J.: 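There's a structure below that I have some questions on.
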Amino acid sequence: MDWADELAASVSGPQVVNDSKTPSGTVHVGSLRGPVILDVITRALRRRGLDTTLLYGVDDMDPMDAQALLTPDAVDHEMGRPLAHVPDQAGDGHASYARHHAEIFTNVFAGLGVLPDRYYWMSEIYAAGEVDPYIRTALDRVETVREIYRRVANVQHPADWHPIQVVCPNCGKVGTTIVTNWDGERVYFECREQLVTWARGCGTSGWMSPFGGNGKLGWNLEWAAQWSLFRVTIEPCGKDLSTAGGSRDRADAIAREVFEREPPLNVPYEFLNIGGKKMSTSKGRGAAAHEIADVVPPEQLRFLFIRPRPNQVIEFEPEGSDAIPRLFDEFDKFAAATAGREIRGEIAPGYEATFGYALLDPAADVAAEAAAFRPAFSHLALLLQIPNVDLDARVRAEKGSDLTPREAAIVEERVKAARAWLDTYAPERAIVAVRNALPAEAVATLGEPQRRYLAALADAALSTATPPASGEAWQNLIFTVAGETGLPNGQAFAALYAAFLGRTNGPRAGWLLASLDPSFVTTRLRDAAASGVAA
Ligand SMILES: [Zn+2]
Ligand SMILES: [Zn+2]
């Protein structure tokens, strides 16, 4: 079984799946693993017939703490204010900084097929008074809260510490205030100049109501309050928050002991590691979601995230590697197996479900999608580099019939991705320039057995009833002739790369030959074979 189906089989009754995020900064592609996991769990629950709601919270009462994202003259005034109250710095018409950044991530989610039933904004939830009962309970039970921090997280708060911050009525900042007393209706607060290093308070203090949007619970309490408020039953969370004594443990204990509700089921998930820091510096590319999205279409990106179990780290190194072509090949393998076609090698159990969950449209006809023709990514990347290739005709020939509209759309998406890949991440060996003239210098280094091999390959290609047309057919012939002539495979490939590219390595040779004019291929093989004799 697929991991999401296993999870769905372990629960019963109506389900509410939830996550939330602070709307600030760029969306790192690694941060998309969570939302995709959330979506796949939701799909698995629904597939099992469980009434399921997917919620996503925007934590826009969190204080502004990223100076780099503010214009210089805004720093003093805005640092420490709730994100919902900070003006849009981009000047493109959003109601707030929070709205601007939330729109970036909700768009990215939508592009990945992650469509929560509802986005809720904590600034609105607080202002509507919905959090008030939890604020009251947390303040009434402040002793219990302090004891939980001591026991679960080994954090000793001062005796007058309270788990809430208010929005300073004078300067509007929330990150600079502390609450030191509670009289049952009002809290005593101080807006301290030096409370944090990243924002400066105004020195105001006094009694005020913490209700109706005036106050904001500390993060662990806000989290637990969300669970109660929205009756959350499942909330996956990143490994960094799921450590012993970490945020999740604290929120779990607060849910049980302060708000008296069993916390939701956790599905801790590991990180996606993208090429370390090397990638962001070498060619000026980062791991911002929109940059990866240019090269990896949504279904392949979903597949990347959900194929491993959530608790497995994903190492993804697209820079100068075959990671992206391999991702497409794996996706195609899952499609082939789902369609009942023969595949090479092993495949994970539950592959049909995994393939279905990778599809963008939750209502897609999985069998039809699996059966659709998909040209290999690396083959397209190769064809794009050969001059005068009629790409549509090649793809049609490879399939053996006309493409359906859906298949044409898949090809179009892949061609775009392959072009982007060649421009960005592709390794040198994938970049091909077929020599119009025989690369004499490279061919001169070939040994006699390699020349005999090239001649034999030309003979074999011409002698078969149906000359090889596809990359697969050429690849098979390359191996067969190597076996017959007793030439090690490595030397056979080296001879081909020398004859066509004038170098020692290249992309998959079968696909390379298939992409060229057949008579050009046989002529070149014979010329290369003969050049040694003439010398
Ligand atoms: Zn904006
Ligand atoms: Zn203040």
Side-chain angles (χ1 to χ4, degrees), residues 20-28 31 56-111 119-124 126-127 135 139 158 160-182 186-219 286 288-291 293:
S20 65
K21 184 174 163 63
T22 306
S24 63
T26 33
V27 184
H28 181 279
S31 72
Y56 206 95
V58 184
D59 296 329
D60 61 344
M61 280 301 281
D62 290 3
M64 177 74 201
D65 65 358
Q67 188 170 322
L69 296 166
L70 288 170
T71 55
D73 57 325
V75 169
D76 251 14
H77 188 256
E78 305 300 343
M79 287 295 283
R81 283 159 64 89
L83 292 165
H85 300 172
V86 175
D88 186 358
Q89 301 291 296
D92 57 354
H94 293 95
S96 67
Y97 180 94
R99 293 276 164 176
H100 178 92
H101 285 275
E103 187 173 300
I104 294 173
F105 73 68
T106 55
N107 282 345
V108 172
F109 291 2
Y119 280 102
Y120 59 89
W121 302 76
M122 285 312 290
S123 60
E124 294 179 354
Y126 275 106
I135 292 175
L139 290 171
D160 61 355
W161 177 88
H162 289 67
I164 186 170
Q165 288 182 290
V166 294
V167 179
C168 172
N170 181 50
C171 70
K173 295 184 181 181
V174 68
T176 53
T177 65
I178 60 162
V179 164
T180 54
N181 209 343
W182 160 242
R186 297 173 309 159
V187 292
Y188 187 81
F189 80 97
E190 294 170 35
C191 180
R192 288 194 183 163
E193 247 179 80
Q194 312 276 344
L195 185 68
V196 290
T197 54
W198 41 269
R200 203 174 60 218
C202 68
T204 304
S205 61
W207 288 95
M208 67 181 277
S209 162
F211 300 124
N214 288 348
K216 179 201 178 306
L217 284 171
W219 162 233
H290 63 92
E291 290 168 335

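As the structure lists them, so they are numbered: ligands from 1, and atoms in each ligand from 1. Starting from 1, each residue takes its place in the sequence as its number. This is a predicted model, so every value here is computed, not measured.
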J.: Walk me through it: do Asp160 and His162 pass the test side chain to side chain donor-acceptor pair (under 3.5 Å)?
T.: CA-CA 6 Å; Asp160 61 355; His162 289 67; over 6 Å; no
J.: What I'd like to find out is whether the side chain of Thr176 reaches to under 4.5 Å of the side chain of Glu193, using heavy atoms alone.
T.: no
J.: Check Glu190 with Lys173, please: is the shortest side-chain N to carboxylate O separation under 4.0 Å?
T.: no
J.: Under 2.8 Å from the Zn ion (ligand 1), how many protein N/O/S atoms can be counted?
T.: 4
J.: List nothing but the number: protein N/O/S atoms under 2.8 Å from the Zn ion (ligand 2).
T.: 4
J.: Angle class for the Phe105/Tyr119 ring planes (parallel below 30°, perpendicular above 60°, tilted otherwise)?
T.: tilted
J.: Test side chain to side chain donor-acceptor pair (under 3.5 Å) on Glu103 and His94; report intermediate values, then the result.
T.: CA-CA 9 Å; Glu103 187 173 300; His94 293 95; 3.1 Å; yes
J.: With Asp62, which residues qualify under salt bridge (charged side-chain N to carboxylate O under 4.0 Å, His left out), at least two apart?
T.: Lys216
J.: Between Asp60 and Trp121 (side chain of the first, backbone of the second, donor and acceptor by atom type, cut-off under 3.5 Å), is there such a pair?
T.: no
J.: Return the set of residues passing side-chain hydrogen bond (donor to acceptor under 3.5 Å, both in side chains) with Gln67 (not counting sequence neighbours), or none when no residue passes.
T.: none
J.: Any side-chain heavy-atom pair from Arg200 and Asp76 closer than 4.5 angstrom?
T.: yes
